[in-house]
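Below is one structure, written out as structure tokens, with a few remarks after it.
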There are 2 protein chains.
Amino acid sequence: MRWSEIDQQDCSVAQALSIVGDRWTLLILRDAFMRVRRFEDFLESTGAPRPVLSERLKTLVDNGVLEKQQYSERPDRFEYRLTEMGLDLWPVLISLLRWGDKWMPDKDGPPVIVSHKGCGHVVVPELACPECGEWLTATDMEAHRRRSMQRA
Amino acid sequence: MRWSEIDQQDCSVAQALSIVGDRWTLLILRDAFMRVRRFEDFLESTGAPRPVLSERLKTLVDNGVLEKQQYSERPDRFEYRLTEMGLDLWPVLISLLRWGDKWMPDKDGPPVIVSHKGCGHVVVPELACPECGEWLTATDMEAHRRRSMQRA
DNA sequence: TCCTTGAGTTCAGAAATCAAACTCACTAAG
DNA sequence: CTTAGTGAGTTTGATTTCTGAACTCAAGGA
């Protein structure tokens with residue numbers, strides 16, 4: 001199977017990765033959450049090569065993760081903003097951040113911290129059970145396939 | 001900058017992606033969480049090409065995400081299991097699963113469901129604030145860089 | 001002895017990535 | 001009104017990566 005065909009797997013993780021699983025894409029989104037919006041700024045902040053950035057932004061827009069908004073006429077200039085679909089990737093980025101901080105800590109402490117506007121604390125968000133409210137780890141959970149693997 | 005150099009970025013997300021951000025790697029981990037352990041089974045379940053799978057497993061082991069355990073002498077046979085570091089990637093996979101289910105739903109319902117052993121419910125884990133316990137979304141949070149971007 | 005299995009490695013062609021240079025539509029400076 | 005600069009891309013050609021198919025190796029079984 002080719003990477004470009006993983007969206008044919010009957011699996012939501014594969015579906016998600018078919019959109020955000022390419023090189024540089026999650027770094028672009030990381031920076032979008034940090035309020036980066038313009039092409040030249042993404043170039044600088046992500047370090048992605050120009051043609052790759054161009055292609056990635058295009059597919060993120062096509063898939064509804066970013067939207068392209070005009071911020072100047074004459075000359076025509078556009079910027080890229082997270083859509084609701086894009087904002088909803090926050091947990092993915094936060095989980096990667098948390099894992100990186102935990103297992104590959106920097107000697108000078110975490111480069112980025114996250115605070116909760118509601119309570120004002122600097123926090124490391126954790127997964128909890130929406131039914132009983134308990135904090136969750138891998139061993140508390142059980143994943144179950146509801147039907148045999150197939151070509152979607 | 002090259003993709004192979006993103007571990008030089010002073011950013012935990014980039015650090016994390018330098019280990020799990022390559023093509024196929026997160027699909028391998030997805031299946032590891034579903035109790036897949038052997039080379040030929042990973043081949044089948046992920047769809048990754050043979051040489052790619054071989055290389056990815058090697059770097060996951062080298063980085064401490066998986067461990068290689070012997071399950072047979074004569075002939076020598078090994079299997080791959082998640083380490084504590086690997087198990088701790090659960091939130092990343094769950095977040096991708098949740099996002100895929102929400103924004104690219106399958107007409108037959110979610111292919112995989114997750115249940116909480118503690119309370120027995122089928123759940124969709126969500127991020128919560130460890131300080132005040134409130135459920136969190138992107139707009140409730142603020143990410144803040146603690147020092148200027150640099151080469152780590 | 002020959003066939004099969006599991007776990008890879010090797011190989012050569014195809015696809016993706018990369019850095020550098022180029023384009024295009026303007027604006028600003030002299 | 002000619003030249004330089006800016007932002008947002010394309011184009012180009014060399015380099016890496018990926019990919020499928022074939023091959024290897026150690027052992028087990030018929």
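Quick note on labels: first sequence line is chain A, next is B, and so on, each numbered from 1. The structure presented is a predicted model; accordingly, all values stated were derived computationally and were not measured.
- Judged by a 6.0 Å distance limit and a 45° cone about the ring axis, A:R38 is positioned over the six-membered ring of A:Y71.
- In this structure, the CD atom of A:E79 is 13 Å from the C1' atom of D:dA8, given to the nearest Å.
- A heavy-atom distance below 4.0 Å to DNA chain C is reached by these residues of residues 54-72 of chain B, ordered by number: B:S54, B:K58, B:K68, B:Y71.
- Below 30°, between 30° and 60°, or above 60°: for B:W3 and A:W24 the angle between ring planes is above 60°, a perpendicular geometry.
- Residue B:M1 contributes atom CE, which lies 14 Å from atom P of C:dA20 at whole-angstrom precision.
- In terms of phosphate contacts, B:Y80 brings no side-chain nitrogen or oxygen within less than 4.0 Å of OP1 or OP2 of C:dG6.
- Each of A:A48 and A:S4 has a nearest nucleotide on DNA chain C; the 5'-most of these lies closest to A:S4.
- Between B:L53 atom CG and C:dA7 atom P there is a gap of 10 Å when expressed in whole angstrom units.
- Shown for residues 36-46 of chain B: residues whose heavy atoms fall under 4.0 angstrom of DNA chain C, namely B:R38, B:F39, B:E40.
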Derivation and outcome, salt bridge (Lys or Arg N to Asp or Glu O under 4.0 Å), residues A:E79 and A:R77: CA-CA 7 Å; A:E79 60 184 14; A:R77 291 288 152 76; over 6 Å; no
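- For the pair A:K68 and A:Y80, the NZ or CZ position fails the cation-pi test of under 6.0 Å to the six-membered ring centre and within 45 degrees of the ring normal.
- Atom CG of A:D22 is separated from atom P of C:dT17 by 6 Å (rounded to the nearest Å).
- Closest approach of B:P110 and A:R147 over heavy atoms only: O-NH1, 3.8 Å.
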Would you list the protein and nucleotides 22-28 of chain C atom pairs, both N or O, that sit under 3.5 Å from each other?
from: C:dT27; atom 1: OP1; to: A:R74; atom 2: O; distance (Å): 3.3

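- Of the side-chain N and O atoms in B:W24, one or more sit less than 4.0 angstrom from OP1 or OP2 of D:dT19.
- B:E84 CD: 12 or fewer foreign heavy atoms inside a 6.0 Å radius.
- The shortest distance between side-chain heavy atoms of A:W103 and B:V65 does not fall below 4.5 Å.
- In this entry the distance linking CH2 of B:W3 with C1' of C:dA19 reads 18 Å, nearest Å.
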Verdict with reasoning, B:D7 to B:S18, per side-chain hydrogen bond (donor to acceptor under 3.5 Å, both in side chains): CA-CA 6 Å; B:D7 61 339; B:S18 74; 5.2 Å; no
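- The two residues A:Q9 and B:T46 have their closest heavy-atom pair at NE2-O, 2.9 Å.
- Under the 4.0 Å criterion applied to side-chain N and carboxylate O atoms, B:D88 and A:R98 are assigned as salt-bridge partners.
- Atom-to-atom, CD1 of A:I28 to P of D:dA8 comes out at 14 Å; the value is rounded to the nearest Å.
- No more than 12 heavy atoms of other residues, nucleotides or ligands lie within 6.0 Å of CD in A:E44, so this atom counts as exposed by the packing criterion.
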